[in-house]
There are 2 protein chains.
Amino acid sequence: MAKTVTLPPIVHPTLDEITVEGVLRALADPVRLGIVRQLAAADHEIACGGLTVPVTKSTITHHLSILRQAGVVAGRQEGTTRFNSLRRNDLDTLFPGLLAGVLAAPR
Amino acid sequence: MAKTVTLPPIVHPTLDEITVEGVLRALADPVRLGIVRQLAAADHEIACGGLTVPVTKSTITHHLSILRQAGVVAGRQEGTTRFNSLRRNDLDTLFPGLLAGVLAAPR
DNA sequence: CGACAATTTCGATCGGCGTCGTACAATGGA
DNA sequence: TCCATTGTACGACGCCGATCGAAATTGTCG
């Protein structure tokens, strides 16, 4: 059998668990905003190691955890690699225009 | 004489001085988010004392200062009273949809 | 099995920020 | 002139979060 999912499943908040304040807090950090921008620019998944950020790996893990708990980012496990993607549809549903407005900012 | 403007003029950032991260940081606080919601709901100016928030006066002053420095709120002095209003047009110009998305949130 | 690679977890540190109370300044009216 | 009202300035305190390094977990490949 090829099924080897021993890792604890990654938990994501459901739509009704996502709060606007949580999302704003998650986005209100330069490192996390950079991560979100990279995920939005390349509209495919990106592994932790594929992110360009000026912090260590463990700090990246911390930021991704916050982004996931806030409902901004989704994570998918594949082997030892974790692929991250923007929950664009969900965010657009809850807070239409928010993400677009943030990403429209030149800087 | 009726003209008595001796107070230091309130400074507001110009459009090119407003950053998305500054705005997000300003909005990422429950008290400040409440203030913004009140200003948005009543689309007229509100004095500091007219805001309903669970903190002391001096803390309100602090939060309004942050909101003003971030470019979210504009202040206008009239006598001893300071009237505050949302810089809705400016924010919509810089980050179209952001404010709408935030205000669309049920909670 | 053993080595390596990807990521997480843990513990510790350190700075920033939200909060308050008090004192202070400015304005307008009695 | 004196006082009430409105808001600001300042100092202090406590807590949360961003950061790092080291150790642990998990999976893959020889």
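Keep in mind it's a predicted model, so treat the numbers as computed, not measured. Chain letters run A, B, ... following the sequence lines, proteins first and then strands; every chain starts at 1.
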DNA chain C-proximal residues of residues 28-59 of chain B, any heavy atom under 4.0 Å: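 Per residue number, the list reads B/D29, B/V31, B/R32, B/V55, B/T56, B/S58, B/T59.
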Euclidean distance, atom [atom1] of residue [X] to atom [atom2] of [N] [Å, nearest integer]:
X	N	atom1	atom2	value
B/H62	C/dC20	NE2	P	12 Å
B/Q77	C/dA26	CD	C1'	9 Å
B/R76	D/dT6	CZ	P	16 Å
B/I10	D/dT8	CD1	P	8 Å
B/L64	C/dC17	CG	C1'	16 Å
A/R25	C/dC17	CZ	P	11 Å

Minimum-distance nucleotide to B/H63 side chain [options: C/dT7, C/dG18, C/dT27]: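 That would be C/dG18.
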Short side-chain N/O contact from A/R82 to OP1 or OP2 of C/dT8, under 4.0 Å: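 Answer is yes, contact under 4.0 Å.
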Phosphate OP1/OP2 of C/dT8: any A/T61 side-chain N/O under 4.0 Å: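 Checking A/T61 against C/dT8: at least one side-chain N or O falls below 4.0 Å of OP1 or OP2.
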Minimum heavy-atom distance between A/S85 and A/L39, given as atom pair plus value: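 Closest approach of A/S85 to A/L39: C-CD1, 4.2 Å.
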Heavy-atom closest pair, residues B/V53 and B/Q38: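 For B/V53 versus B/Q38, the nearest heavy atoms are CG1-NE2, 4.3 Å.
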Exam field: side chain B/R82 to backbone B/G75, donor-acceptor pair closer than 3.5 Å: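 Checked: no pair found.
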Side chain B/R87, main chain B/R68, donor-acceptor under 3.5 Å: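 Not at all, since once roles are kept as given, no pair shorter than 3.5 Å links the two residues.
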Residue list, side-chain contact (heavy atoms from CB on, under 4.5 Å) with A/A104, at least two apart or on another chain: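 If we apply the side-chain contact (heavy atoms from CB on, under 4.5 Å) test to A/A104, skipping adjacent residues, the hits are B/P96.
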More than 12 heavy atoms from other groups under 6.0 Å of CG on B/N89: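 At most 12 heavy atoms, drawn from other residues, nucleotides or ligands, come within 6.0 Å of this atom.
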Sugar-phosphate only, base, or nothing, as touched by A/I66 at under 4.0 Å among non-hydrogen atoms: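 Sugar-phosphate, no base atom in range.
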